[in-house]
Amino acid sequence: MSASDRSLSKSFYISTPIYYVNDVPHIGHAYTTLACDVIARFKRLDGFDVLFLTGNDEHGQKVEKSAEAQGITPQELCARVSGRFQALIETMNFSIDDFIRTTEPRHIEAVQAIWKRMAEKGDIYLDAYSGWYSVRDEAFYGVDELVDGPDGGKLAPTGAPVEWVEEPSYFFRLSAYQDKLLKLFEQPGFILPESRRNEVASFVKGGLKDLSISRTTFKWGVPVPGDEDHIVYVWLDALTNYITATGYPDQQSELFQKFWPADIHMIGKDILRFHAVYWPAFLMSADIDLPSRVFAHGWWTNEGEKISKSLGNVIDPFELVETYGLDPVRYFMMREVPFGNDGDFSKTALINRINADLANDLGNLAQRSLSMLNKNLDGLVPVPGALQPQDEAILAQAEGMLDAARGHIDDSLIHKALGAVWDVVGDANKYFAGEEPWALKKTDPARMGTVLYVTAEIIRNVALLSQAIMPGSAAKLLDLLAISEAERGFGFFGAAHRLAPGTLLPKPEGVFPRYVEAEAPS
RNA sequence: CGCGGGAUGGAGCAGUCUGGUAGCUCGUCAGGCUCAUAACCUGAAGGUCACAGGUUCAAAUCCUGUUCCCGCAACCA
């Protein structure tokens, strides 16, 4: 299928990484998936058929060992942890279309199929993998990293003893793809943010070695086709999930035809190399189309401190939602930090955002205008009079939001899309204060009605766009405007679908409460 | 000399490519309003734009050097 056919069909495929089950869900997982959710919702509202995929990576030596340590099978461990990730999806209101687990038969079939294709291409060969290995660290070290031990032996930088190990391993001819990869990186927007592209390109320019893609030291994984002593390297296994979900190896399937290649692989900056180097090389080898974009977002710190288990400052997304509410947390994470940058998660900043942007600006704008409408016009949407230049100006600004937001979303600049919306919210408050409808109530009730109409219409458009970021709260706003479920897509945005005069609106209720910190027990 | 990014009022950022009165959000202070969620609106204070030199009529912006911070350098979102 050509690119133009794809755009006609308006399909959109976005993925999160599959999260490794040797961990419990934390803010990082929530953040990556949230970014995808916002984009996926935006695209659906904008008329696209969307495939939004997430899941779990369940194979690998660490999983096997953890399970053993806990006296359960790897399957049991995976089921348990995967359940937590699926609970996070519920809690965060993520609109996923599919949840993949690498232990599923469909995935194992896909991994073995892509392996065979790569092997047929002549890109896989058997050799020996060797190096200084520390059993304690579960890691290989370069000879230049080692230090001399007291008894003449070698030690890892961590102080752990190392031994020279050699095991047979299949290798992928990654080195053969260096030039093709560098050419790929020239494609605008393939790696975002831009600064990351430079990093990856300079890494590739430094020379690529062939990649070991099988292991014989453990069993918990996908067996190599034709040589079951070998287990497929976890990253080849994991990355393949993106095509598994589109029905691979059946490239004629409806899903594959419709959604592959993916529009965005959303990832954290730590796993950029696997997605921007290994994955495209694997796909090139297997003659499969390449994804359009890999976006590597930044990391959170907690009150300025790096987050780590040893520091004990891990942020639990379940607790966050419990404390501050789902939509405020969603808004904060997407708005506070330029998407792609690192950001700091501070309680003060969070409360500030919630109260300033949501409660004071948007929530209060809705409340002050809809209350007047309710009290003075019996809750009926008024018939607007002739629009004044300032009415036209603010409406034009509001009705320009969609194009602006669309552009920013297509550039994966989620914070800018939100910024465009909140600019309008701010100006709408200025407009409202400037027109003083409470004064017009006595001097010119018809004009008051017009001002309230214009304000309500702005709120309608803001609420339509806000559905992508805060689905629950936006729905409440639209309920307050008596907008039916059928009229909430972006097709109803703008001047052609303005509020119908005469519509009865319900009594307004606050949608975004201020967050007031509980009195600290003294 | 490994490669790259950055240093702008109390905090976080934009502006640097295409030199020409230093801008935004939050915070602080004062005033206004009273429709509204102690909200909203207006105004003010606060910066020798890391440091040193150079080019220029003019430099946050271009050039050189210095200091400091950060990312990447084969497996933690």
Side-chain angles (χ1 to χ4, degrees), chain A residues 16-20 22-23 25-35 54 60 62 138-140 142 174 193-209 211-212 233-235 238 266-274 277-278 296-300 304 306-309 314-315 317 335-338 341-344 346 348-349 352-353 355-376 415 419 422-423 426 428-441 448 451-452 455 508-516:
Chain A
T16 75
I18 46 175
Y19 304 118
Y20 201 45
N22 203 42
D23 199 359
H26 52 68
I27 191 173
H29 304 111
Y31 184 54
T32 311
T33 316
L34 172 59
T54 188
K62 279 190 187 172
E138 274 189 41
F140 282 90
L174 182 63
E194 193 74 12
S195 57
R196 297 287 162 197
R197 182 186 67 166
N198 299 334
E199 273 178 24
V200 175
S202 74
F203 164 71
V204 171
K205 277 179 196 153
L208 293 172
K209 290 183 196 164
L211 183 70
S212 166
Y233 173 53
V234 288
W235 272 106
M266 187 69 72
I267 58 170
K269 64 181 182 179
D270 52 306
I271 53 174
L272 177 58
R273 175 165 315 142
F274 303 100
V277 179
Y278 299 170
H297 65 65
W299 283 8
W300 289 98
K306 193 168 179 176
I307 296 178
S308 75
K309 279 184 203 165
V314 174
I315 299 174
R335 179 65 197 277
E336 183 68 6
V337 180
N341 292 7
D342 288 350
D344 183 45
S346 89
T348 316
N352 224 353
R353 276 289 176 195
N355 288 345
D357 291 9
L358 299 183
N360 297 352
D361 290 347
L362 177 54
N364 187 50
L365 175 67
Q367 192 65 17
R368 68 197 301 204
S369 56
L370 296 180
S371 289
M372 283 199 74
L373 204 151
N374 186 262
K375 287 176 187 165
N376 301 305
H415 62 291
W422 259 263
D423 282 349
N429 268 313
K430 292 181 179 67
Y431 164 81
F432 198 84
E435 296 306 306
E436 302 186 325
W438 55 90
L440 293 168
K441 185 168 112 182
M448 174 195 76
V451 172
L452 294 181
T455 306
E509 286 174 18
V511 174
F512 298 104
R514 285 181 69 78
Y515 180 85
V516 180

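All chains are named by letter (A, B, ...) in the order of the sequence lines, taking the proteins before the strands, and each is independently numbered beginning at 1. As a basis for the values below, the full set of heavy atoms in this structure was taken, side chains included, without hydrogen atoms, waters or symmetry mates.
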**Prompt:** Taking only residues two or more places apart in sequence, or in another chain, which ones meet A:Asn429 in a side chain to side chain donor-acceptor pair (under 3.5 Å)?
**Reply:** A:Arg368

Measure from [atom1] on [X] to [atom2] on [N] and round the result to the nearest Å.
X        : N     : atom1 : atom2 : value
A:His297 : B:C76 : NE2   : P     : 15 Å
A:Phe203 : B:A74 : CZ    : C1'   : 5 Å
A:Asn429 : B:A39 : CG    : P     : 13 Å
A:Leu452 : B:C35 : CG    : C1'   : 9 Å
A:Leu272 : B:A74 : CG    : P     : 14 Å
A:Arg368 : B:A36 : CZ    : P     : 10 Å
A:Phe512 : B:C40 : CZ    : P     : 15 Å
A:Lys209 : B:C75 : NZ    : C1'   : 14 Å

**Request:** Determine the minimum heavy-atom distance between A:Pro317 and A:Ala30, stating which atoms define it.
**Result:** CB-CB, 3.9 Å

**Message:** Using every non-hydrogen atom in the two residues, find where A:Arg196 and A:Ala296 come nearest and quote the distance to one decimal.
**Reply:**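 Smallest heavy-atom distance, with atoms named: CG-CB, 4.3 Å.
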
Using the [atom1] atom on both, measure [N] against [M] and round to a whole Å.
N     : M     : atom1 : answer
B:C29 : B:C70 : C1'   : 36 Å
B:U48 : B:A59 : C1'   : 13 Å
B:U61 : B:U56 : C1'   : 13 Å
B:A30 : B:U66 : C1'   : 44 Å
B:C24 : B:C41 : P     : 14 Å
B:G43 : B:C33 : P     : 16 Å
B:A52 : B:C40 : C1'   : 48 Å
B:A73 : B:G4  : C1'   : 11 Å

**Message:** Counting only heavy atoms not in A:Glu509 (residues, nucleotides, ligands), do more than 12 fall under 6.0 Å from its CD?
**Reply:** no

Please determine whether a side-chain nitrogen or oxygen atom of [X] lies at a distance below 4.0 Å from atom OP1 or OP2 of [N].
X        : N     : value
A:Asn360 : B:C40 : yes
A:Arg273 : B:C72 : no
A:Arg197 : B:G4  : no

**Non-neighbouring partners of A:Tyr431 that pass side-chain contact (heavy atoms from CB on, under 4.5 Å), sequence neighbours left out** =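 A:Tyr431: side-chain contact (heavy atoms from CB on, under 4.5 Å) contacts with A:Gln390, A:Asp391, A:Ile394, A:Glu435, A:Arg447, A:Val451, A:Val454, A:Thr455.
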
**Prompt:** Considering residues at least two apart in sequence or located in another chain, which fulfil the side-chain contact (heavy atoms from CB on, under 4.5 Å) criterion with A:Ser371?
**Reply:** A:Gln367, A:Pro508

**Message:** Show me the dot-bracket string of RNA chain B, counting Watson-Crick or G-U pairs under 3.5 Å, with | for pairs to another strand and [ ] for crossing ones.
**Reply:** .(((((((.[[[[.)....(..]]]].(((((.......))))).....[[[[[..)....]]]]])))))).....

In chain order, what residues pass the ring pair (Phe, Tyr, Trp, His ring centres under 6.0 Å) check against [X], with sequence neighbours excluded?
X        : result
A:Phe274 : A:Trp235, A:Tyr278
A:Trp422 : A:Tyr331
A:Tyr19  : A:His29, A:Phe85
A:Phe512 : none

Any non-hydrogen side-chain atom of [X] less than 4.5 Å from a side-chain atom of [Y]?
X        : Y        : result
A:His297 : A:Thr32  : yes
A:Trp438 : A:Glu436 : yes
A:Pro437 : A:Phe432 : yes

Sugar-phosphate only, base, or nothing, as touched by [X] at under 4.0 Å among non-hydrogen atoms:
X        : value
A:Tyr278 : base
A:Val511 : base
A:Gly268 : sugar-phosphate
A:Ile271 : sugar-phosphate

**Message:** A:Lys269: which residues meet the salt bridge (charged side-chain N to carboxylate O under 4.0 Å, His left out) condition with it, sequence neighbours left out?
**Reply:** A:Asp342

Tabulate atom names and distances for all N/O pairs under 3.5 angstrom spanning the protein and nucleotides 22-29 of chain B.
residue, atom, partner, partner atom, Å
B:C26, O2', A:Asn352, ND2, 2.6

**Asked** In Å and rounded to the nearest 0.5 Å, what is the CG to CG distance from A:Asn364 to A:Leu358?
**Response**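 It comes to 12.0 Å.
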
**Request:** For RNA chain B, find the residues of residues 431-441 of chain A with a heavy-atom distance under 4.0 Å and give them by number; none if there aren't any.
**Result:**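 RNA chain B contact set from residues 431-441 of chain A: A:Phe432, A:Ala433, A:Trp438.
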
**Item:** Pairwise 5' ranking along RNA chain B for A:Gly510 and A:Glu336, keeping only the more 5' one
**Value:** A:Glu336

**Asked** Which sits closer to the 5' end of RNA chain B, A:Gly298 or A:Leu174, going by the nucleotide each is nearest to?
**Response**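 That would be A:Leu174.
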
**Item:** Residue A:Lys375, side-chain heavy atoms: nucleotide from B:C75, B:C35, B:A36 that is nearest
**Value:**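 The answer is B:A36, which lies nearest to the side chain.
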
Please tabulate the protein-to-nucleotide N/O contacts below 3.5 Å involving nucleotides 68-71 of chain B, giving atom names and distances.
residue, atom, partner, partner atom, Å
B:G71, O2', A:Arg196, NH1, 3.1
B:G71, O2', A:Glu199, OE2, 2.8

**Message:** Looking at A:Asn376 and A:Met372, would you say the former's side chain and the latter's main chain have a donor-acceptor pair under 3.5 Å?
**Reply:** yes

